[in-house]
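First up is the structure itself, then whatever we jot down about it.
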Amino acid sequence: MTRKLTVADYMTMAPFSIGLDQPLRAAEQRMREYGIRHMPVLEGGVLFGVLTARDIATVQAIDANLDELTVEEAMTPEPYTVSASTPLSRVARAMAEHKYGCAVVMERERVKGILTTTDALRALSEVLEDRGAAYESMPPSQARAVILAEHVHVRALLDRAEAAAKSVLAQRGVELPAVHSLRDAARHLITALTAHFELENRVLVPVLSEVPGFGALRAERLLREHEEQTRQVRTISDALRDREASPVALAERVDGLVAALREDMRIEEATLLDANLLRDDGILEDCATG
Ligand SMILES: [Fe+2]
Ligand SMILES: [Fe+2]
């Protein structure tokens with residue numbers, strides 16, 4: 001991608017707004033009618049806050065009467081504001097870090113638009129699709145480099161999960177901080193592994209299929225292995241969801257998965273990711289065995 005994406009590319013222009021002294025009932029009706037979840041709150045054209053569907057839900061949860069309260073009493077004051085030319089990456093990072101549901105886009109002290117998390121997700125999906133298209137046309141050497149770089153990242157998470165599992169196993173008693181860090185490390189590992197299998201299916205499988213000789217067979221085998229590994233990873237997610245499950249059993253499962261994946265990555269690097277197999281010139285020096 002050559003041009004940097006900015007807020008202007010994804011914001012909603014001229015959003016519906018509401019007055020500071022309006023009854024909350026009117027705000028709730030407007031949001032429902034237009035299917036929106038965020039409204040800038042204005043008084044004399046000046047921005048005073050943002051009212052969200054969640055603010056209204058919070059008020060409703062305590063059985064307050066929406067007719068008796070004003071927008072000002074439920075809104076979030078001092079909303080996060082940006083200009084239309086702010087890079088989208090910077091705004092998305094701030095929204096994620098501070099858990100902002102939206103950014104109000106300002107121009108010369110006036111509201112110009114709004115960017116919500118839904119807009120940010122739309123941007124993310126388009127960027128990921130672009131990246132997917134780039135992967136499809138990736139030369140073998142580049143695909144190899146991408147997967148090897150990913151392996152470095154996955155190995156760091158395997159190390160962390162293994163250390164957390166071993167610490168729980170060493171205790172043989174429930175010490176909550178150790179269990180929390182095991183659960184946390186396991187969750188990160190699951191997310192990374194799921195993404196890793198998907199990445200290899202998208203990037204490595206197509207280039208392997210093109211390798212003369214056993215390439216297609218190996219690609220097919222890799223897909224099957226990933227299905228099996230996904231099943232193993234799922235047993236860990238199930239154990240994480242089961243609050244009754246013993247931490248020792250979870251630690252044993254994580255420890256087993258870590259060992260299996262380390263070995264799998266070692267074999268993958270020695271065979272499928274061999275530089276002589278994934279060559280851009282298409283000339284095969286097929287020395288891979290696995
Ligand atoms: Fe793999
Ligand atoms: Fe891998």
Side-chain angles (χ1 to χ4, degrees), residues 124 127-166 182-240 250-282 284-290:
L124 176 67
V127 169
L128 291 177
E129 270 163 29
D130 271 6
R131 207 169 71 171
Y135 282 154
E136 276 151 31
S137 55
M138 205 178 258
S141 65
Q142 204 183 333
R144 176 174 178 269
V146 165
I147 302 295
L148 287 176
E150 263 273 316
H151 275 193
V152 173
H153 168 64
V154 172
R155 276 202 179 93
L157 293 175
L158 288 174
D159 290 348
R160 190 181 152 212
E162 184 183 41
K166 294 254 191 278
L182 171 63
R183 294 178 66 86
D184 191 52
R187 263 194 296 269
H188 277 91
L189 183 62
I190 288 170
T191 309
L193 287 175
T194 308
H196 182 64
F197 301 149
E198 276 172 22
L199 183 76
E200 285 189 342
N201 291 352
R202 276 176 93 165
V203 174
L204 192 55
V205 166
V207 296
L208 267 181
S209 310
E210 295 297 311
V211 173
F214 296 106
L217 210 67
R218 289 199 175 106
E220 189 54 40
R221 198 191 296 164
L222 185 64
L223 282 171
R224 279 204 305 273
E225 275 170 17
H226 287 163
E227 279 171 21
E228 176 51 34
Q229 287 166 336
T230 302
R231 269 193 287 277
Q232 289 169 9
V233 167
R234 212 168 283 146
T235 65
I236 309 254
S237 338
D238 292 344
L240 278 172
L250 174 66
E252 280 167 351
R253 210 167 269 192
V254 169
D255 200 38
L257 179 74
V258 168
L261 274 154
R262 277 227 183 88
E263 179 60 6
D264 173 71
M265 285 164 69
R266 189 190 64 75
I267 296 172
E268 225 168 55
E269 287 175 10
T271 58
L272 305 183
L273 294 166
D274 187 288
N276 286 319
L277 190 70
L278 300 182
R279 290 165 64 114
D280 295 345
D281 58 15
L284 182 66
E285 281 181 44
D286 192 348
C287 59
T289 54

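Order of appearance sets the numbers: ligands from 1, and atoms from 1 within every ligand.
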Could you go through the salt bridge (charged side-chain N to carboxylate O under 4.0 Å, His left out) check for R155 and E269 one step at a time? CA-CA 13 Å; R155 276 202 179 93; E269 287 175 10; 3.0 Å; yes
TODO: Walk me through it: do R262 and D159 pass the test salt bridge (charged side-chain N to carboxylate O under 4.0 Å, His left out)?
DONE: CA-CA 10 Å; R262 277 227 183 88; D159 290 348; 2.6 Å; yes
Let's go through R224 and E227 carefully: what are the C-alpha distance in whole Å and the side-chain angles of both, what is the deciding distance for salt bridge (charged side-chain N to carboxylate O under 4.0 Å, His left out) to 0.1 Å, and is it a yes or a no?
CA-CA 5 Å; R224 279 204 305 273; E227 279 171 21; over 6 Å; no
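Taking the six-membered ring where the residue is Trp, the centroids of H196 and H226 are separated by 6.0 Å or more.
Contact between R253 and T235 at its shortest, heavy atoms only, is NH1-O, 3.4 Å.
Panel detail: the Fe ion (ligand 1) has protein N, O or S atoms under 2.8 Å away, 3 in number.
Not a single side-chain hydrogen bond (donor to acceptor under 3.5 Å, both in side chains) links R187 to another residue, sequence neighbours left out.
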